[in-house]
Asker: 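The structure's right below; bear with me while I get my questions together.
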Amino acid sequence: MKKITMTRRIVQVFCLILLVYGGYIFKEWKQSPETEQSLFPALKAPAGSISITKLEKGSILWPSGATPVIENYPPSLVCRFNPKGGMFKACILHFFSENLTWQTQLKYLLPYITLFILLCFLLGRMWCGWVCPIGTTGDFLTFLRRKMNIPVKRFPQNFRINLSFTGYGLMAIALTISTIIGMPNFARYQCYWFLPYCQICPARLICPLFGLIKPNWKDFSTSITTTFTILAWIVLGLFIAAFYFGRRVWCHMCPVGLINSWFNKGAGVELHKKSIKCIKCGYCADACPMGLTKMYEMDKDGIYNQNSCIMCLRCVEVCPRKGCLSVKFFGKGIKIKDFFRGKNAKKIS
Amino acid sequence: MKKLLLFLIPILYGLAYGGEQIQIEFEYPSITGDFYVAGTVFFPPAAAPDLKKILVMDKDTREEIPSKIVVQDNWPDGSVLSAEIVFPANSQKKGKYIIFYGDDVERKKSFVEAAVLPTVSFIVPGAGTTVENMDVSVGQINVRVDRSTNIRYWWYILPVFFLILLTVLRTLRTIRMQKL
Amino acid sequence: MQKKFLDRYGRTVLKGFTSTRSIKSNANSELLEYSSRSKNSSMKKFYQASEDFETGKFLYPEKPVVGYFCSLVPEELILACNLHPVRLCCEENFWTQAGEEIIPGDVCPVVKSICGKFYNQMYDRFDLVVVPGSCDPKTKLAELLSPLKEVYFLDPGRDCEYLKNADIWEEKYTKFFDFLKERFHCSSGRKHLLSACKKTNARTEIFRKIYQFRTRNPEAINSFDYYIMIYASFFMDIEIWNNLAENVYREALETREICKNPKILLAGTPVIFPNFKIIDVIEQAGLSLAADIQCTTFGRFYNPVEIDEDTDSGIIRALSLKDIAGSICPCLLNLEKLVNLIVDAVSQYNLDGVIYYNLRLCQVFDIQTAVIRQALKEKDIPFISIKTDLGNQDTGQLKTRLEAFREMIESHRK
């Protein structure tokens, strides 16, 4: 009965291992140094940029462990704080912040942006539910809560909408600061303000732990680093609380997820509802980790993709009426339940 | 709300002014007793407005160490580019030192080389490269590596626009479907 | 229940009502007839159990027995406390007449027969009776039974909208669970709830198989067998029932009979054992009952418990969703759902018509008839509504009506 979630958990763990420990496994594959030769040009800080001088060992923004193995951006997030620098380098917000500061030419970014948009167009926000290492960590916290028999905290709709505004605010602030410090007149602030969101992101303190590396969890050398340290603690506290008492509440305000979410309604993965089959049992709305209710409320046939949906497909899984909720890929049916049930599916139908 | 403001204002104040630190490394000599540590440090543009804004600090105790600082070169905007720093140390204490600079730093202790003592030079790990690659005479801070124009990356614009267009169309369809 | 009421009137009520006593010693003679019609040898145990239960010889397990009405009462919570749940819904003419002496007048015959059975000490073995406030007669029934037995009144409310009421349901179910734990001195928790849900989910799985099988081949497990199985599930131990039902299903898979009669769907009032008049008439009219949407069968068994949060409150919430939000009880606000279900079932299982069965004096079922008729008329699905009581007087007339309905279906097919 719970085949989709089983698959999702396996995919999550596999992706966690690949993304976090990929740096150890794929040591050999290095970016071609000749920019013009490779499909994805190497993006580097301009020579003389102040921001790279600050990336000494022990600095907040130092990719923990050794040197980053591959200077590359996949379509979406893998943290720069992964041990060994990770298989891929950074998330989409990191990508934008960093290159706004470096003032990289647009044409060198285009290959990465294309890949990102292509994947988002095909899969929507599936990243959040199936791959994201931080989401996986959070799901583990939720699992712990369930084992401790602590009831879930359900947040009201308005609260969740406001959370997404917070996320947009954080994103706007981070990108604005990154743009400003890229300007020549403000370059001297780069040493403090480089990658402002990364400095408070919970992943900064969580990701190094996967490689048993102590994160740079405190830096009180200057007032700015002190502020960032304290902010990072507060955010980490919020993150843990959000995942421990609710389910995926954090994902409402994660700026990376918000960027992915713009593609959700037009994504190739479509969630369809056949409303005549619906018995309004509320299983789907109750099981939704993001607390969405569209699939329950919708009274007509059609697609119920929503921006906040993380495509965990839990609603499809729990629906007791076969054919009521279903997943389709560009309108073509993927009968997930049958796919897993195999031959018996036809017998029982 | 007032409490929030009271909480926020110090943070904002702290954000506006900040100091920056440089770690220095040197090897303790075999001799016992006092000696001087000297070396040249390069600063980012506009980071250290004048030599009063630079000081040497004990890393563990956070105490200021008396130091002599001589400016060697200035940035076009008048801030310190490089400075020679001398300060005393003792081989028995074996402390670690950092150089601290920035707007909110104020040097209070200075010293004069009274006795003739052996001098050990320190190095700043990771720095140096900063300044060498800069085009100082123009006053330009960000120097971009000149990469020859290559049209082939611009072709990516086509799929980007195509995908965005498709996404927008499909999104509109979904919204229409959900509305009716 | 309200203690004041009991203190003041309890004894008087008891005295007045128990003066007359009817005794029923023989099992229903129909039972033998039905069992002889069955083609499935594994069904014998179900018939045996039903006969035992009717005559009071049924051996309950060695644990407290809790009676309950309606599928709005969560069976899993009772199971989790290591109690034996028995559903007490009863539609029997004999007991209705006995109940007539206690509550005369135009009252729901189900409530009458339940009262008749209780006041004639048929259910003495029970430690607790749980009565839901699903409809008005049930609510009053809670008061009528309170002088005899300890009664727990569970009111889930009439609105089955998930968004508004989920928290309220969770609270009410939790209170009920706490009451059970306190009353029977057990400290049940997550483990017990999970194992109870596992049992009912296994039952759901088997029921679904049988239900789907009957939509294709209604003759292999005929409707008498089917409803006797349902009746046995009221009082039998759930695991024993699961095993027996599995056997029945396996045996049925081997038979390859093709059903030629028009297949129809039976909706409306639940059909409970002695009152098999309607099924008998349907069979005689040459129709075969292939699917049904009733609260004793579909409403009770079809939805599994989907546990998302496996904490105490999460499980209880899942139960409340299954039993209340997914309910097809006509007392709740869910007419649209019922119409959708009927239309969907007809198209999905290729059925030929719908019979809406309505027990006389049950108003909620009656009110729905017009809407369902109109909705099915739009979809061009043959529909007939039958309104009858527990007596056998109108059998001939019903048969004529259903035969006419059959002819209508056959002409509709062409």
Side-chain angles (χ1 to χ4, degrees), chain A residues 1-2 4-5 142-154 156-157 245-248 273-289 291-297 299-301 312 314-325 341 344-349, chain C residues 160-167 169-170 174 189-191 201 204-205 208-209 212-213 215-216 253 293 298-299 302-318 320-328 332-334 336-345 347-349 379:
Chain A
M1 219 61 171
K2 299 197 168 179
I4 295 178
T5 303
T142 309
F143 169 77
L144 283 183
R145 171 180 60 72
R146 287 177 183 169
K147 284 281 160 276
M148 304 276 283
N149 207 354
I150 298 170
V152 65
K153 180 105 185 69
R154 286 167 204 273
Q157 189 99 31
F245 294 110
R247 301 170 297 189
R248 295 260 177 184
K273 176 169 180 175
K274 208 173 177 188
S275 62
I276 195 166
K277 299 246 181 198
C278 182
I279 54 168
K280 296 270 175 192
C281 59
Y283 283 17
C284 45
D286 202 65
C288 182
L292 304 177
T293 51
K294 189 87 188 174
M295 57 286 201
Y296 171 78
E297 285 167 344
D299 277 335
K300 60 191 284 292
D301 298 359
C312 64
R314 188 83 180 111
C315 48
V316 179
E317 186 183 38
V318 298
C319 184
R321 300 277 292 156
K322 193 174 164 286
C324 178
L325 303 183
R341 274 183 196 158
N344 294 332
K346 275 179 191 166
K347 249 183 201 171
I348 301 162
S349 77
Chain C
C160 60
E161 168 81 17
Y162 157 77
L163 293 174
K164 277 188 240 161
N165 301 307
D167 294 336
W169 299 332
E170 192 188 318
T174 313
R190 207 161 128 233
K191 256 188 210 168
N201 275 358
T204 296
E205 206 171 306
R208 276 195 178 205
K209 280 187 211 165
Q212 306 276 9
F213 178 77
T215 56
R216 294 190 300 276
L253 273 182
I293 293 172
F298 185 91
Y302 200 81
N303 291 351
V305 193
E306 277 291 352
I307 296 160
D308 187 53
E309 289 281 328
D310 52 358
T311 58
D312 277 359
S313 68
I315 297 167
I316 291 177
R317 196 181 171 96
S320 78
L321 292 188
K322 177 199 149 216
D323 286 337
I324 306 172
S327 164
I328 53 162
L332 311 182
L333 296 173
N334 53 9
E336 188 196 352
K337 181 205 293 183
L338 184 69
V339 173
N340 279 349
L341 267 175
I342 293 173
V343 172
D344 180 55
S347 64
Q348 191 185 343
Y349 305 132
K379 303 272 174 190

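So you know, we letter chains A, B, ... as the sequences are listed, proteins then strands, and number each from 1. Below, all heavy atoms of this structure are taken into account, side chains as well, without hydrogens, waters or symmetry copies.
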Asker: Measure A:Tyr283 against the heavy atoms of chain C and call it side chain, backbone, both or neither at under 4.5 Å.
Answerer: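 Both the backbone and the side chain of A:Tyr283 come within 4.5 Å of chain C.
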
Asker: For A:Lys147, does the NZ atom have more than 12 heavy-atom neighbours from other residues, nucleotides or ligands under 6.0 Å away?
Answerer: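 Enclosed.
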
Asker: Side chain, backbone, both or neither: which part of A:Lys274 has a heavy atom under 4.5 Å from chain C?
Answerer: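 Neither the backbone nor the side chain of A:Lys274 comes within 4.5 Å of chain C.
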
Asker: Charged N to carboxylate O under 4.0 angstrom, C:Glu336 versus A:Lys280?
Answerer: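 Not counted as a salt bridge, because no side-chain N and carboxylate O are separated by less than 4.0 Å.
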
Asker: Could you measure the distance from the CZ atom of C:Arg190 to the CZ atom of A:Arg146? Nearest 0.5 Å is fine.
Answerer: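 Output value for this atom pair is 10.0 Å.
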
Asker: Might you point out which heavy atoms bring C:Asn303 and A:Pro320 nearest each other, and give the distance in Å?
Answerer: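 Scanning both residues, the minimum pair turns out to be OD1-CB, 3.8 Å.
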
Asker: Within this structure, what is the CG-CD distance for the pair A:Asp286 and C:Glu170, rounded to the nearest 0.5 Å?
Answerer: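 It comes to 8.5 Å.
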
Asker: Please determine whether a side-chain nitrogen of the Lys or Arg among C:Asp308 and A:Arg247 lies less than 4.0 Å from a carboxylate oxygen of the Asp or Glu.
Answerer: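 Salt bridge between C:Asp308 and A:Arg247, a charged N being under 4.0 Å from a carboxylate O: yes.
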
Asker: Counting heavy-atom pairs closer than 4.5 Å to chain A, which one of C:Leu341, C:Leu321, C:Val343 comes out on top?
Answerer: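 Result: the option with the highest number of such pairs is C:Leu321.
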
Asker: Indicate yes or no: at least one non-hydrogen side-chain atom of C:Gln348 is less than 4.5 angstrom from one of A:Lys277.
Answerer: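 SC-SC contact between C:Gln348 and A:Lys277 confirmed.
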
Asker: How long is the span from the SG atom in A:Cys281 to the CG atom in C:Asp323, to the nearest 0.5 Å?
Answerer: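 A:Cys281 atom SG to C:Asp323 atom CG measures 12.0 Å (nearest 0.5 Å).
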
Asker: Using a 4.5 Å cut-off on heavy atoms from C-beta on, say whether the side chain of C:Tyr162 contacts that of A:Glu297.
Answerer: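 No; the side chains remain at least 4.5 Å from each other.
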
Asker: Under 4.5 Å heavy-atom distance to chain C, tell me which part of A:Thr5 shows up: side chain, backbone, both or neither.
Answerer: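 Contact with chain C is absent: no heavy atom of A:Thr5 under 4.5 Å.
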
Asker: Taking C:Cys160, C:Gly189, C:Gly314, C:Gly326 one by one, which has the highest count of heavy-atom pairs under 4.5 Å against chain A?
Answerer: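 Result: the option with the highest number of such pairs is C:Gly326.
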
Asker: Answer yes or no: is there an ion pair linking A:Arg154 with C:Asp167, defined by an N-O contact shorter than 4.0 Å?
Answerer: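 Judged by the 4.0 Å cut-off on N to carboxylate O distance, A:Arg154 and C:Asp167 do not form a salt bridge.
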
Asker: Between C:Glu161, C:Arg317, C:Lys322, which has the largest tally of heavy atom pairs under 4.5 Å with chain A?
Answerer: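 Greatest number of close heavy-atom pairs with chain A: C:Arg317.
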
Asker: Quick one: does any side-chain atom of A:Asn149 pair with a main-chain N or O of C:Asp312 as donor and acceptor, under 3.5 Å?
Answerer: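 A pair under 3.5 Å: yes.
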
Asker: May I have the step-by-step check of side-chain contact (heavy atoms from CB on, under 4.5 Å) for A:Met148 and C:Thr311, ending in yes or no?
Answerer: CA-CA 8 Å; A:Met148 304 276 283; C:Thr311 58; over 6 Å; no

Asker: Which bit of C:Phe213 is near chain A, if near means a heavy-atom gap under 4.5 Å: side chain, backbone, both or neither?
Answerer: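 Neither part.
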
Asker: Please identify each residue that fulfils side-chain hydrogen bond (donor to acceptor under 3.5 Å, both in side chains) with C:Asn334, with sequence neighbours left out.
Answerer: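 C:Asn334 satisfies side-chain hydrogen bond (donor to acceptor under 3.5 Å, both in side chains) with no residue once adjacent residues are dropped.
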
